[in-house]
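Scroll down for the structure; my scribbles are underneath it.
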Amino acid sequence: GDDRAQGSRVQLRTSRLAVAMEPPTKKARPDDPAALELLRGELLEPLLHYTTTHGLVYADKAPGDDRSRVTQCPVEMLPSRLPKAVFDEAVALSPLWNKLVDAVSHDLTWLYSVLDRTASADDFTKRLLDMCKQVHSEGLRQKANLGIHRSDYMFHDPVDGGAKERGFLQVELNTVASSMMTHAANTTNLHRFLVSRYSEGSDAVAVALRKFYGIPGDRIECGKHIPTNCTLEQIPAALAKAHAHYGVKGSKVLFVVQGSERNFADQRWLEYRMWESHGVPAVRKTLAQIFKEGSMDSSTGRLMMSGEYEVSVVYYRAGYTPEDYLSEDEWQARLLLERSLAIKSPSVAYQLVGAKKVQQALAVPGALERFLSSDECRQMRRCFAGLWGLGAGENDADIIGKAMKSPHSYVLKPQREGGGNNFYGQDVADKLKQMPLEERGAYILMQRIMPRPQQSVLTREGGTMVAKCISEYGFYSVFLGDGVKVYLSEHAGHLMRTKAEGVDEGGVAAGYAVISSPFLEM
């Protein structure tokens, strides 16, 4: 979900979303400190000017009397290397994630059975689950669902592992408020500019840049190495398609947002593209404002705001964390939206499919076959990390024992989105030791993915830092369907977040990471 700007039980697998290539090449790699320092000094100013002039910005933390004050979006100065085969396989999986989310959301018996025990240990999951049960028992007014999903992976490349061990393993699947898509596209454009503009010629910067990537010749071909990023085309187009499917002239798309949102630019770009490319208007409201201004026609379910305009599509960039529901007013606003005729992105059922517990339950042997073909299941399982359920009914004594003995090999995850919620290292053992059986049901254990670090230049608030870094890769997909017919199911771009080695969490706006893009190696 949107990072807050304030402030399976399965065996470990050796069948990965694998790199169809030879083991890592032994040729000399760039990490030349002098060359990196040169690039760090020479490219910072063009980078900062690009971010400001192209909307790669956040609202300033302390704007004072000047509401126009902004700071750069934290970005990596240059794209980081990734095998092209891994990138291409993740792109190909996007339609499968769409199909799986939609299928699970329609199998309420299975979904409820997975989440009922978790809900007894987690109040937030319980509220969402109870709401889902309520709106489905009343009967859904709107059958169509708009999914804007992001499947996040890390490149598992353990130092002591062989070629079979290397490949993408999934971190999580985001089904609500999957953010950073416009910053991701603009960072791709930034990197294409910097690499193409400054790698050509015989000057010191060009030589250092080509050396950094180990590229011979007199220039770097960006079209070959830095893939285009279609988020700013695909996601506004998906919202516009849902709006057209709703089909009421004069209606508008409602962006549900957090108050005092620093990450406004990432959202506004979608709004602008919807209008400029599709003529679809959007409005922004918090849940508190929707409680005051929203109403629903009890016979038709049509959702109105202030009695002035009808809402065609509800697009959530808030509502994924308990902090978005400060009172019962916000919960009543969410219920109003869910009961209405408007198309939701996501519906509460889609949001629940993104729960960590569901991710773990889908990794149980035989679970995927309930929703996908055997061939599709084989494709998808190649990216599953080890996942284990905890708490009552999960027979968790063995995995807890292993995690207590080797806590650095696991991550302990609650049912939360937005960054800053997981437990790593010794904290895993400490938390497991203090939790009673019932509370454990709100968590899952996950195999810790081991990426290999790369030397990087991180930029934030106008400054730079050189560090060994690891990255997380997100692949967006868009889906529109009504349970009978699929109107849209496509890959919709990518996101890459980079952080210093040793930093556990990965949120950008929360201050843990920066946005980057992949430099594909053939």
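Just so you know, these numbers use all the heavy atoms, side chains as well, and skip hydrogens, waters and symmetry mates.
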Practice item. Report the C-alpha separation of R497 and D152 in whole Å, then their side-chain angles, then the decisive distance to 0.1 Å, and conclude whether the salt bridge (Lys or Arg N to Asp or Glu O under 4.0 Å) test is met. Key: CA-CA 10 Å; R497 290 166 293 179; D152 292 342; 3.0 Å; yes
Review point. When you look at S202 and D218, which way does the side chain to side chain contact (heavy atoms under 4.5 Å, CB included) test go after all the steps?
Key: CA-CA 7 Å; S202 57; D218 59 1; over 6 Å; no
Exercise for review: Take Q455 and V466 through the test side chain to side chain contact (heavy atoms under 4.5 Å, CB included) and record every step on the way to the result.
Suggested key: CA-CA 7 Å; Q455 200 77 357; V466 177; 3.5 Å; yes
Exercise for review: I would like to know whether F519 and I226 meet side chain to side chain contact (heavy atoms under 4.5 Å, CB included); could you show each step before the answer?
Suggested key: CA-CA 5 Å; F519 186 94; I226 306 178; 4.1 Å; yes
Review point. Which is it for T459 and E76 under the side chain to side chain contact (heavy atoms under 4.5 Å, CB included) test, yes or no, and what are the steps along the way?
Key: CA-CA 6 Å; T459 74; E76 187 175 3; over 6 Å; no
Exercise for review: Give the intermediate values and the outcome of ring pair (Phe, Tyr, Trp, His ring centres under 6.0 Å) for residues H149 and Y350.
Suggested key: CA-CA 10 Å; H149 309 136; Y350 265 40; 5.7 Å; yes
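Without hydrogens or angle criteria, H243 side chain to L239 main chain gives no donor-acceptor distance under 3.5 Å. Side chain of S199 to backbone of I220: a donor-acceptor contact under 3.5 angstrom is found. Of the possible donor and acceptor atoms, one in the side chain of R210 sits under 3.5 Å from a partner among the backbone N and O of G201. With hydrogens and angles disregarded, no donor-acceptor distance shorter than 3.5 Å links the side chain of Y410 to the backbone of V428. With hydrogens and angles ignored, the 3.5 Å screen pairs no side-chain donor or acceptor of S516 with any backbone N or O of T498. Put simply, the side chain of Q289 gets close to the backbone of T286: a donor and an acceptor are under 3.5 Å apart. The closest donor-acceptor contact from the side chain of T464 to the backbone of R40 lies at 3.5 Å or more, if one exists at all. Not a single donor-acceptor pair under 3.5 Å links the side chain of S517 to the backbone N or O of T188. Using a distance-only test at 3.5 Å, with no hydrogens or angles considered, a donor-acceptor pair links the side chain of E261 to the main chain of N263. Using a distance-only test at 3.5 Å, with no hydrogens or angles considered, a donor-acceptor pair links the side chain of R460 to the main chain of A513.
Here the side chains of R334 and V256 are not in contact, with every heavy-atom distance at 4.5 Å or above. You'll find the side chain of T182 stays beyond 4.5 Å of the side chain of T231, heavy atoms only. The shortest distance between side-chain heavy atoms of K241 and H278 does not fall below 4.5 Å. The shortest side-chain heavy-atom distance between Q351 and K344 does not fall under the 4.5 Å cut-off. Side chains of L82 and E521 form no contact here, defined as non-hydrogen atoms less than 4.5 Å apart. Counting heavy atoms from C-beta on, the side chains of N186 and L232 come closer than 4.5 Å. Between L78 and F212, some side-chain heavy-atom pair lies under the 4.5 Å cut-off. Inter-residue side-chain proximity for P236 and W275 is flagged as unmet; no heavy-atom pair is nearer than 4.5 Å.
Here the shortest heavy-atom pairing between P227 and H494 reads O-CE1, 3.9 Å. Across all non-hydrogen atoms, the minimal contact from V86 to G167 is CG2-CA, 4.3 Å. Heavy-atom minimum distance, Q267 versus F255: O-CE2, 3.7 Å. Among all heavy-atom pairs drawn from L38 and V205, the shortest one is CD2-N, 4.1 Å. The minimum heavy-atom distance between I515 and A184, with the atom names listed, is CG2-CA, 4.2 Å. A pairwise comparison of heavy atoms in C222 and S196 identifies SG-N, 3.5 Å as the closest pair.
The aromatic rings of H491 and F475 are tilted relative to each other, their planes meeting at an angle between 30° and 60°. Using a 30° and 60° split on the angle between ring planes, H183 and Y58 fall in the tilted class, from 30° to 60°.
In this structure, NZ on K357 lies 14.0 Å from OH on Y443, to the nearest 0.5 angstrom. With values rounded to the nearest 0.5 angstrom, L56 atom CG is found 8.5 Å from N189 atom CG. One finds the CG atom of N145 at 8.5 Å from the CG atom of L480 (value rounded to the nearest 0.5 Å). Of the inter-residue distances, the one linking E276 atom CD with E271 atom CD reads 10.0 Å to the nearest 0.5 angstrom. The distance from the CZ atom of R317 to the OG atom of S345 is 10.0 Å, given to the nearest 0.5 Å. Rounded to the nearest 0.5 Å, atoms CG (L173) and CH2 (W97) are 6.0 Å apart.
When only modelled atom types and interatomic distance are considered, E461 and T71 share no side-chain donor-acceptor pair under 3.5 Å. The closest side-chain donor-acceptor pair between T321 and E323 falls under 3.5 angstrom. No hydrogens or angles considered: a donor-acceptor pair under 3.5 Å links the side chains of Q170 and S151. Side-chain contact check for Y473 and R150: no donor-acceptor pair (N or O, by modelled atom type) lies under 3.5 Å. Looking only at atom types and distance, the side chain of T51 has no donor-acceptor partner in the side chain of Q72 under 3.5 Å away. Side-chain atoms of Q359 and E172 form no donor-acceptor pair, as typed in the model, at a separation below 3.5 Å.
Evaluation of the salt bridge (Lys or Arg N to Asp or Glu O under 4.0 Å) test over residues 63-72, restricted to residues two or more places apart or in two chains, returns D60-R69.
With F155 as the partner, the side chain to side chain contact (heavy atoms under 4.5 Å, CB included) test is satisfied by one option alone out of E472, R452, R166, R81: R166.
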